[in-house]
Amino acid sequence: MVALKDMLLQVLLAGSAVYLIPLFRLVLSKRAIARMEHAGIVHTSFAVTSVASMLLCLLFALDASPVAVPISLSIVPVILVILYCKSAIGATLSILHILFYFLFAHSYDLYGFLLHTGILLYPIVWLSAKRFKHNTPSRKMAILIILITMELIVTSLLWIASSRMNPHTLRPT
């Protein structure tokens with residue numbers, strides 16, 4: 001039950017930056033939103049909430065037991081910023097994500113780095129960012145779901161590979 005609560009917390013923390021966009025649309029007029037987008041305030045506020053979301057996801061990463069796959073959805077806000085914001089903001093958040101890993105992560109090995117940062121997915125996200133901006137909302141949602149699913153699959157495969165390299169990690173304590 002604790003693992004389920006931790007997993008739901010990760011999902012809520014990862015998605016907290018996404019809730020900002022509809023709130024802007026509900027509260028502000030179309031004219032005010034257009035002015036904010038022109039000034040870059042929307043991108044900046046989205047990036048700031050994504051940093052907070054990413055940081056909280058890293059702090060509350062699910063690492064329930066030695067036999068459970070460690071789950072950290074901190075890559076989700078990074079993917080969203082890379083796809084929706086300007087490339088400079090996306091690059092800044094990518095670097096912050098890697099720096100936050102070294103500040104807050106529990107395992108400092110190669111597999112832990114690849115597991116928690118999702119750095120193997122960065123090239124795919126960066127290559128799809130330009131086309132993403134010109135898609136319909138339903139295609140954008142499909143691309144996001146595919147990218148996040150790919151990250152979870154890569155994380156699972158890396159965890160399996162790391163557990164085979166170090167077989168005593170699978171033994172319960």
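Quick caveat: nothing in here was measured; it's all calculated off a predicted structure.
- For the 3.5 Å distance criterion, the side chains of His97 and Thr117 fail to qualify, holding no donor opposite an acceptor.
- Residues Leu93 and Pro77 approach most closely at CD2-O, 3.9 Å, considering heavy atoms.
- No chain of hydrophobic side-chain contacts below 4.5 Å, direct or via other Ile, Leu, Val, Met, Phe, Trp or Tyr residues, connects Ile75 to Leu127.
- In this structure the side chain of Leu144 reaches within 4.5 angstrom of the side chain of Phe132, judged on heavy atoms.
- How far CG of Leu99 is from OG1 of Thr92: 11.0 Å, rounded to the nearest 0.5 Å.
- Thr149 contributes a side-chain N or O that, together with a main-chain N or O of Ile145, makes up a donor-acceptor pair within less than 3.5 Å.
- Under a hydrophobic clustering in which Ile, Leu, Val, Met, Phe, Trp and Tyr are joined whenever their side-chain heavy atoms come within less than 4.5 Å, directly or via other members, Ile79 and Ile146 fall into the same cluster.
- Listed by chain and residue number, nothing satisfies the ring-ring contact (aromatic ring centres under 6.0 Å, His included) test with Tyr122 (two or more places apart in sequence, or in another chain).
- With hydrogens and angles ignored, the 3.5 Å screen pairs no side-chain donor or acceptor of Lys133 with any backbone N or O of Tyr84.
- Across all their heavy atoms, Ile82 and Ser94 have their closest contact at CD1-OG, 3.5 Å.
- Ser128 and Leu147 make their closest contact through OG-CD1, 4.2 Å (heavy atoms, listed as atom of the first residue, atom of the second, distance).
- Residues Ser87 and Trp126 meet the side-chain proximity criterion, which asks for heavy atoms closer than 4.5 Å.
- The hydrophobic clustering, which links ILVMFWY residues whose side-chain heavy atoms are closer than 4.5 Å, places Val51 and Ile95 apart.
- Contact detail for Ile89 and Ala47: the closest heavy-atom pair is CG2-CB, 3.5 Å.
- Enclosure of atom NZ in Lys140 by more than 12 non-hydrogen atoms of other residues, nucleotides or ligands within 6.0 angstrom is indicated.
- Here the closest non-hydrogen pair linking Ala129 and Leu83 is CA-CD2, 3.6 Å.
- When side chains are defined from C-beta on, Val154 does not count as touching Leu121, because their heavy atoms never get closer than 4.5 Å.
- Checking each of Val81, Val76, Leu55 against Ser50 for a side-chain contact (heavy atoms from CB on, under 4.5 Å) leaves exactly one that passes, namely Val81.
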